[in-house]
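Step one of this worksheet: look at the structure below.
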Amino acid sequence: DPQPIYDTLEQAARFYQAQLRRHPAARQAVEYLKRRGLSRETATAFGLGFAPPGWDNLLRGLGTDEAAVRRLDAAGLLAESSGGKRYVRFRDRVMVPIRDGRGRVVGFGGRVLGDAKPKYLNSPETPVFHKGRELYGLHEARHVPGTIERLLVVEGYMDVIALAQHGIHNAVATLGTATTTEHLERLFKAAPEVVFCFDGDRAGREAAWKALSTTLPHLREGREARFLFLPEGEDPDTLVRGEGAEAFAARVRQAQPLSEFLYARLSAGLDVTTLDGRARLASKAKPMLAQLPPGPFRELMQQRLTELTGVTTAGAPRRPPSPVPRRTAVGTISPARRAIALLLRQPAVARLPDLPPGWRDAPLPEVGLLARLVDLAAERPDIPRAALVDRWEDAETRQTLGAIQTLHLDLIEADVQEHFVGALRRLAELARRAEVERLLRKNDLSSLTDNEKARLREIWRDRRDPDQPDS
C-alpha cells in the first residue's frame with residue numbers, strides 16, 4: 001500500500017513550507033525567491049519551501065524512530081553514506097514539491113542556495129515517483145480556469161514557476177529526463193497542441209530533435225507539436241521578465257511547426273536542386289514518416305516530401321518538383337517569416353519608400369534576421385535572390401532561410417510589395433504593444449518619467465486596431 005509514502009511526502013512538504021516561514025537560515029532562500037521576481041502568492045500556490053542546513057533536519061521534524069525512518073527512506077527523502085549511515089537528502093535548498101495528476105506530492109526538487117553540487121536535485125525513483133511519467137506543473141495547469149489550448153514544455157521547474165508569476169499558466173517541465181512516450185500521452189491528453197521550448201544553441205536543437213523523434217508516433221488527428229527556440233543566453237525565466245508576458249506568449253504562438261523543423265533539419269547540408277540531394281532527403285525522411293500514425297497529417301507530410309523530392313512514398317519517381325514547391329496562405333505564418341519570404345521572392349521591396357517605422361523592435365523570433373536581410377538588400381540593389389540565402393556562414397541561419405524559402409505565398413507578383421508593407425505594419429504594432437506592456441509593468445503610472453508618459457500617450461493616440469487586417 002503506497003498510502004504511507006504519500007502521507008510522509010505531504011508531511012515533508014508542510015515541514016519545508018513551515019521552515020521557509022520561520023527558520024533562521026531561510027532568509028537566503030527568501031532573498032533568492034525575491035530575486036527571481038516571485039511573489040508570496042506564487043510561492044504559496046506552488047507550495048515552495050526550504051530544507052534547512054544539517055544532516056538530520058527532516059528527521060528531527062518528522063521523527064527518528066525506526067518506523068519513521070523507514071517511511072522517509074521509502075519516500076526518497078533519505079540517502080545512505082558508504083558506511084551505511086542514513087542522512088537527509090535535501091539540505092540548504094529551496095524545495096519544490098512535485099505533484100501527480102491527482103494533486104498528491106510524489107517527490108521534490110531542490111535548488112541549492114550555496115555552491116554545492118548539483119545545483120538542482122530531484123527525488124530518486126520511488127514506488128510513487130517515476131521521472132519518465134511525471135510532468136512538473138501539469139496538475140497546476142489543469143486547475144487554472146478555462147480550457148488549455150496548448151502546453152509549453154520547458155526544461156526546469158523554476159521556469160514553470162516564473163512563467164506562472166507572469167500569468168502564463170500552461171507551462172510544464174520534465175524532471176531531468178528527455179521527453180518520454182508516457183509524457184507525450186499525458187501532454188496530449190491535456191491539450192491538443194504541445195510546444196517544446198529549447199535553447200537555440202546546438203545542444204538545444206539536438207534535444208529538440210530527440211523530442212521530435214519521440215513525438216512522431218503520437219501525432220494522431222487533432223494533435224499538433226511545435227518548437228520554440230530561445231535567443232542565445234536566454235531561458236524562459238529571463239526572457240519573460242525582460243520582454244513581458246504578451247511578447248513571450250507571441251513567441252509561443254509563432255513557434256515553428258514540427259513539419260517545418262523536420263524538413264529543415266533533414267535538408268540541412270543537402271542540395272535539393274540535384275537528383276542526389278533529393279534522393280538523400282527522401283531516404284532520410286521516409287523512416288521518420290513511417291512512424292506517423294495513419295491519417296491526414298501523415299498523408300500531408302508524405303505529400304510534402306514528394307513536392308520537395310519528386311519521389312512518391314512508394315518509391316516511384318515523379319516529375320521533378322517545381323522551383324516553388326508549395327503554396328501557403330499568407331495569413332498563416334508569422335509576420336516576420338512572411339516578410340522574409342516576400343523579401344526572398346522580391347528583394348527590391350527593401351528599397352520601397354516610407355517603410356513603416358518601429359518594426360525592428362517587434363519581440364518576435366527572426367526579426368533580427370529580417371532586419372539584416374532588409375539592410376543587405378537595400379545596400380545592394382543588384383543582389384541576386386540566391387545570394388540572400390547563400391551568403392550566410394552560419395549554418396543555422398541558412399537552415400532557417402532555406403525553410404522559409406520553401407514557402408510559396410499564394411500571391412501574384414503585383415501583391416508582394418503590398419503584403420511586405422503589411423507585414424512590417426503588423427510587426428510595428430507588436431512592437432508598440434510590447435512597449436506599452438513594459439511601461440504598464442511599473443508599479444503605477446505615477447512612477448513613469450515625463451518622457452515615458454509622453455511616449456505612452458503617443459502610442460495610445462497612434463495605435464490602430466490590432467486585429468485589423470494588414471493592408
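Predicted model only: the values in this text are computed from it and were never measured.
In summary, E206 and R202 do not engage in a salt bridge, as defined by a charged side-chain N under 4.0 Å from a carboxylate O. A salt bridge is absent between R426 and E429; no separation between the charged side-chain nitrogens and carboxylate oxygens falls under 4.0 Å. A salt bridge between E10 and R71 is absent, with no side-chain N of the basic residue lying under 4.0 Å from a carboxylate O of the acidic one.
By the 30° and 60° cut-offs, the orientation of the rings of Y16 relative to F108 is perpendicular.
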Listing, residues 139-153 side-chain donor-acceptor contacts under 3.5 Å, not counting sequence neighbours, or none:
residue : atom : partner : partner atom : Å
H143    : ND1  : H139    : O            : 2.8
R150    : NE   : E193    : OE2          : 3.0

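Y263 places a side-chain N or O within donor-acceptor distance of the main-chain N or O of M301, the cut-off being under 3.5 Å. Between the side chain of R86 and the backbone N or O of A79 there is no donor-acceptor pair closer than 3.5 Å. One N or O on the side chain of Q165 and one on the backbone of S39 form a donor-acceptor pair closer than 3.5 Å. Here the side chain of R251 pairs no donor or acceptor atom with the backbone of L228 at under 3.5 angstrom. The backbone N or O of R133 lies less than 3.5 Å from a partner atom in the side chain of R186, making a donor-acceptor pair. With hydrogens and angles ignored, the 3.5 Å screen pairs no side-chain donor or acceptor of T8 with any backbone N or O of A75. Remark: the backbone N or O of A279 is not paired with any side-chain donor or acceptor of S283 at under 3.5 angstrom.
Rounded to the nearest 0.5 angstrom, L369 CG and I340 CD1 are separated by 4.5 Å. Atom CD of E243 and atom OG1 of T238 lie 9.0 Å apart (nearest 0.5 Å). To the nearest 0.5 angstrom, L184 atom CG is 6.0 Å from T179 atom OG1. Between the NZ atom of K131 and the OG1 atom of T177 there is a distance of 8.5 Å, given to the nearest 0.5 Å. Atoms NE2 and CG, on H23 and D92 in that order, are 9.5 Å from each other to the nearest 0.5 Å. For the atom pair CZ (R298) and CD (E221), the distance works out to 14.5 Å, reported to the nearest 0.5 Å.
No side-chain heavy atom of T309 sits under 4.5 Å from any side-chain heavy atom of V272. Contact of the V88 side chain with the L59 side chain is registered, since non-hydrogen atoms from C-beta on lie closer than 4.5 Å. Residues L373 and L401 meet the side-chain proximity criterion, which asks for heavy atoms closer than 4.5 Å. Side-chain contact between F129 and I5 is absent, with no heavy-atom pair separated by less than 4.5 Å. Between D199 and E155 there is a side-chain heavy-atom pair separated by less than 4.5 Å. Looking only at side-chain heavy atoms (C-beta outward), P335 and L364 come within less than 4.5 Å of each other. Using a 4.5 Å heavy-atom cutoff, the side chains of D235 and V154 are not in contact. Side-chain atoms of R360 and V374, non-hydrogen and from C-beta on, do get closer than 4.5 Å to each other.
At a cut-off of 3.5 Å, with distance as the only test, no side-chain donor of H218 or T215 sits close to an acceptor on the other residue. Checking Q11 against D7 by side-chain atom types alone, no donor-acceptor pair falls below 3.5 Å.
Between F261 and F229, a ring centre-to-centre spacing shorter than 6.0 Å is recorded.
The number of heavy-atom neighbours closer than 6.0 Å to CZ of R280, taken from other residues, nucleotides and ligands shown, is 12 or below. Shown here is R372, whose CZ atom has more than 12 heavy atoms of other residues, nucleotides or ligands within 6.0 Å.
Here Y120 pairs with Y157 under the ring pair (Phe, Tyr, Trp, His ring centres under 6.0 Å) rule; sequence neighbours left out.
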